[in-house]
Q: 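Okay, handing you the structure first.
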Amino acid sequence: MKKGNASLHWTVVLYLALSTICVTANMERIELLPEMVPVESDETCEIIAYRRCTANINKTLLPTSPALVRNNPIAVVSGKTDYTLSFDIVPNGTITDGYASILHFTTGNDCCDFGSRSPAIWFRTGSTELHVRIGDSTDGNWGFDRTDALPLNIRTKVTLECKGNDVKLTVGGKVYTATQPTHRFVGNLIVYAGNPGNQAAKAVISNLDYKILPAAGGNVAGTSHRRYITMTVYE
């Protein structure tokens with residue numbers, strides 16, 4: 001790969017059937033899947049994306065059952081304004097000295113820049129109540145402060161649906177709603193299953209899915225994300 005005197009600003013590896021993901025967004029270089037091989041080329045990232053990934057440009061890798069571990073990056077996604085995020089979770093304990101991180105989609109910081117919590121989900125201190133942040137252009141920490149406590153050692157389905165100004169959080173059989181003040185972040189996001197700044201939640205998650213929805217008023221079918229995309233950007 002031709003670097004010249006350019007300094008690496010950030011890297012998102014769009015992948016083929018087998019690829020390695022490296023990301024730097026004011027963070028250390030990370031490898032998502034050891035068996036994957038990075039795409040390298042002297043061409044610009046736009047040309048690579050067009051030639052290799054035209055049909056799959058919005059798809060990303062999202063493991064369905066990542067282990068919750070502190071500072072555990074699992075994917076890079078192309079975040080859009082309208083999406084659903086869903087997963088099953090079985091809590092098996094609580095953390096008493098701070099919030100416990102479950103999932104965190106971020107541009108790089110914990111809080112509270114626009115895009116730093118897009119979204120981010122924790123258990124509150126000493127409980128299994130969810131703390132869910134979605135972010136807004138006016139407040140990067142906007143979201144739901146708390147839900148009812150989830151039962152220990154029992155599977156609960158969690159779904160966050162954001163479409164237009166309508167935001168709906170479903171936890172088990174209970175629905176929480178909110179109205180987005182302005183709009184959500186759009187752009188590349190690092191996904192953590194356990195962020196760097198908090199202890200990871202004592203829980204097991206499964207059936208994790210991040211699905212891009214058609215923009216409000218659109219008619220394009222939503223696409224579940226699983227694999228693809230490679231891009232390297234230099235400054």
Side-chain angles (χ1 to χ4, degrees), residues 23 25-28 30-32 61-77 79 83-136 139-162 167-178 184-185 189-210:
V23 174
N26 300 321
M27 300 180 146
E28 71 275 12
I30 61 173
E31 183 179 57
L32 296 186
L61 174 70
L62 203 57
T64 58
S65 301
L68 298 184
V69 181
R70 187 169 188 163
N71 193 17
N72 182 26
I74 59 169
V76 174
V77 302
Y83 64 86
T84 61
L85 172 66
S86 61
F87 56 93
D88 295 334
I89 186 165
V90 181
N92 51 44
T94 60
I95 301 292
T96 59
D97 57 346
Y99 280 27
S101 176
I102 301 171
L103 293 168
H104 196 138
F105 291 60
T106 178
T107 53
N109 295 326
D110 173 29
C111 188
C112 292
D113 301 333
F114 187 33
S116 62
R117 297 181 168 186
S118 295
I121 304 175
W122 296 260
F123 285 139
R124 293 174 61 89
T125 303
S127 80
T128 57
E129 298 170 342
L130 292 178
H131 180 72
V132 180
R133 289 321 199 207
I134 298 153
D136 185 80
D139 178 4
N141 196 37
W142 179 83
F144 297 94
D145 189 50
R146 71 199 314 156
T147 68
D148 290 346
L150 278 62
L152 286 171
N153 303 312
I154 294 177
R155 187 185 305 272
T156 299
K157 180 76 172 180
V158 177
T159 302
L160 174 64
E161 180 176 337
C162 300
V167 177
K168 181 170 69 173
L169 174 65
T170 305
V171 182
K174 187 160 185 177
V175 176
Y176 304 81
T177 60
R184 292 172 291 280
F185 179 82
L189 296 164
I190 303 167
V191 184
Y192 286 89
N195 70 20
N198 299 102
Q199 293 187 62
K202 293 180 179 180
V204 176
I205 63 173
S206 58
N207 298 316
L208 175 60
D209 189 37
Y210 179 74

Q: Can you check whether Tyr99 and Phe123 have ring centres sitting under 6.0 Å from each other?
A: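 Judged by ring-centre distance (under 6.0 Å), Tyr99 and Phe123 do not meet the cut-off.
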Q: Where the side chain of Ser86 meets the backbone of Thr159, is there a donor-acceptor pair that is under 3.5 Å apart?
A: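 No, the answer is negative, given that no donor and acceptor are paired below the 3.5 Å cut-off.
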Q: Is there a donor-acceptor contact under 3.5 Å from the side chain of Arg70 to the main chain of Gly194?
A: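 Judged by distance alone, no pair lies under 3.5 Å.
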Q: Under 6.0 Å between ring centres: does that hold for Phe105 and Tyr210?
A: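 Yes, ring centres under 6.0 Å apart.
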Q: Checking the side chain of Ser65 only, and the main-chain atoms of Ser206 only, is there a donor and an acceptor separated by less than 3.5 Å?
A: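 Not a single qualifying donor-acceptor pair exists.
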Q: Does His131 use its side chain to pair, donor to acceptor, with the backbone of Asp145 at less than 3.5 Å?
A: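 Checked: pair present.
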Q: Within the side chain of Ser101, is there an N or O that forms a donor-acceptor pair under 3.5 Å with the backbone of Asn195?
A: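 The answer is yes, because a donor-acceptor pair under 3.5 Å joins these two groups.
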Q: Is it the case that the side chains of Asn207 and Asp88 hold a donor-acceptor pair, with the cut-off being a distance below 3.5 Å and no angle test?
A: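 Their side chains do contain a donor-acceptor pair, which is all the 3.5 Å distance test asks for.
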Q: Main chain of Ala67, side chain of Asn72: is a donor-acceptor contact present, judged purely on distance under 3.5 Å?
A: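 Indeed, once roles are kept as given, a pair shorter than 3.5 Å links the two residues.
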Q: Check each of Thr106, Asp110, Thr107 against Arg117 using the side chain to side chain donor-acceptor pair (under 3.5 Å) test, and report the only one that passes.
A: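 It is Asp110, the one option of Thr106, Asp110, Thr107 that forms the side chain to side chain donor-acceptor pair (under 3.5 Å) with Arg117.
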Q: Any ion pair linking Lys174 and Asp148 (charged N to carboxylate O, less than 4.0 Å)?
A: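 So Asp148 pairs with Lys174 through a salt bridge.
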Q: Is there a donor-acceptor pair closer than 3.5 Å between any side-chain N or O of Thr147 and the backbone N or O of Leu130?
A: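 Pair found, side chain donor or acceptor close to backbone of Leu130.
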